2 protein chains.
Amino acid sequence: MKHTYEYPRAALTVDCVVFGFDSTQAALQVLLIRRGLAPFKDHWALPGGFVRVEETLDEAARRELEEETNLSTVFLEQLYTFGTVDRDPRERVVSVAYYALTKPADHTTAASTDAAEARWFPVSDLPPLAFDHAEIFATALARLRGKLRYEPVGFELLPPKFTLTQLQRLYESVLGTPLDKRNFRKKVLSHDLLVPLKETHREGTHRPAQLFRFDPVRYEKLKKKGFLFEI
Amino acid sequence: MKHTYEYPRAALTVDCVVFGFDSTQAALQVLLIRRGLAPFKDHWALPGGFVRVEETLDEAARRELEEETNLSTVFLEQLYTFGTVDRDPRERVVSVAYYALTKPADHTTAASTDAAEARWFPVSDLPPLAFDHAEIFATALARLRGKLRYEPVGFELLPPKFTLTQLQRLYESVLGTPLDKRNFRKKVLSHDLLVPLKETHREGTHRPAQLFRFDPVRYEKLKKKGFLFEI
């Protein structure tokens, strides 16, 4: 005697919008895979797949990411669940979408699985995507933009040591708008969340720039006091 | 030949955290229903139920709300999808949670269905909840708190005409903290989003207070210009 809803049931998938930041090109990127099977065979799509009945949604997202893109330890958060009735031509499929933030070191890992199957694209120049993945991507980008302004998530997209110019390029590339250099530096340094390092970074013929690291312990302390990170 | 994942499949439900604001008690409230069936028979729970294969998630949430609480036109947004493996003792059930904001006029509607079955509780004094509904509720309250500070969602919980005192009580009751009256008034009036009406409201022996309404058209205009609502 099971008081529950019987078949037909929707199938349940997870899909992941994986963001990366290319410092040299100052471009926000997203990781796509080329589908090997119908429907949308040979189309680009977000990595993802069916949720197994014995795994949580987070576990399914991490498993699919690792299987399809080789990525294992990344910042991963649930985004939104997409459930229009006809979003998959096969049958009713509800998809729990996630977004992930990767560090530059993960870029080669992800690409190395199989260059023909997984590839980074600049968000400003995406190919047509399978299913409703363009809508999922747009939702993820909007979430990232909103989050970047009030939480220090940007550091998840940078190497552990970075210059203030790299940080500004990242913000500009996510927000899609240029920022005033003096104001930006004043704001990010006012939080006291960036620790200056004894190292510098030289790019091309520019003079060496100070490297910083983000201080997550201090951030957690400030957050408990009601501090609001804001750029 | 369907390239899809076969059974066993998780069952899919929606659950709704319905918030209301009781002006006279200055209390944020949540609408609960008493379960008539096992599991958790006679326990209080969030209104919700199984998603039908031919309806979207939003449609399922609205249908369940109307069936179980009589509420029809409310502000409703998807919250988060809960998918731990053992959250339902019957079998694997994944639940897409929503939160809803209701106006005081909806309160009696909701209660009138069947007083023994649907009831408003102050959020500060909830009964034990079935399943993982306490966790879903906590997630919804955190979302509402975050949202209230940056979006004018509070007006969804007030009557169309309200006093500044009512507005402040609402903010205080959601955020769980007293606010300075002068600062609060300065901030909410600085946005120019509140339209003073030619009517007043008298409460008890207090002198009549000016009534206001929220101006959603002006808000949309400001938002397009990059304006950030902030309290």
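Given the structure is predicted, the values throughout are model-derived calculations rather than measurements. To find a chain, count down the sequence lines: A is the first, B the second, and so on, and within it residues start at 1.
- Between A/Leu194 and A/Leu189, some side-chain heavy-atom pair lies under the 4.5 Å cut-off.
- For the set A/Val85, A/Val96, A/Thr81, A/Thr84, the entry with the most heavy-atom pairs within less than 4.5 Å of chain B is A/Thr81.
- Using a 4.5 Å cut-off between heavy atoms, A/Glu59 makes no contact with chain B at all.
- Under the 3.5 Å distance criterion, the side-chain polar atoms of A/Arg169 are left unmatched by any main-chain donor or acceptor of A/Ala26.
- Annotation: B/Tyr80 is not in aromatic contact with A/Tyr80 [ring centroid separation under 6.0 Å not met].
- Under the 3.5 Å distance criterion, the side-chain polar atoms of A/Arg119 are left unmatched by any main-chain donor or acceptor of A/Leu31.
- With a 4.5 Å cut-off on non-hydrogen atoms, A/Phe82 touches chain B through its backbone but not through its side chain.
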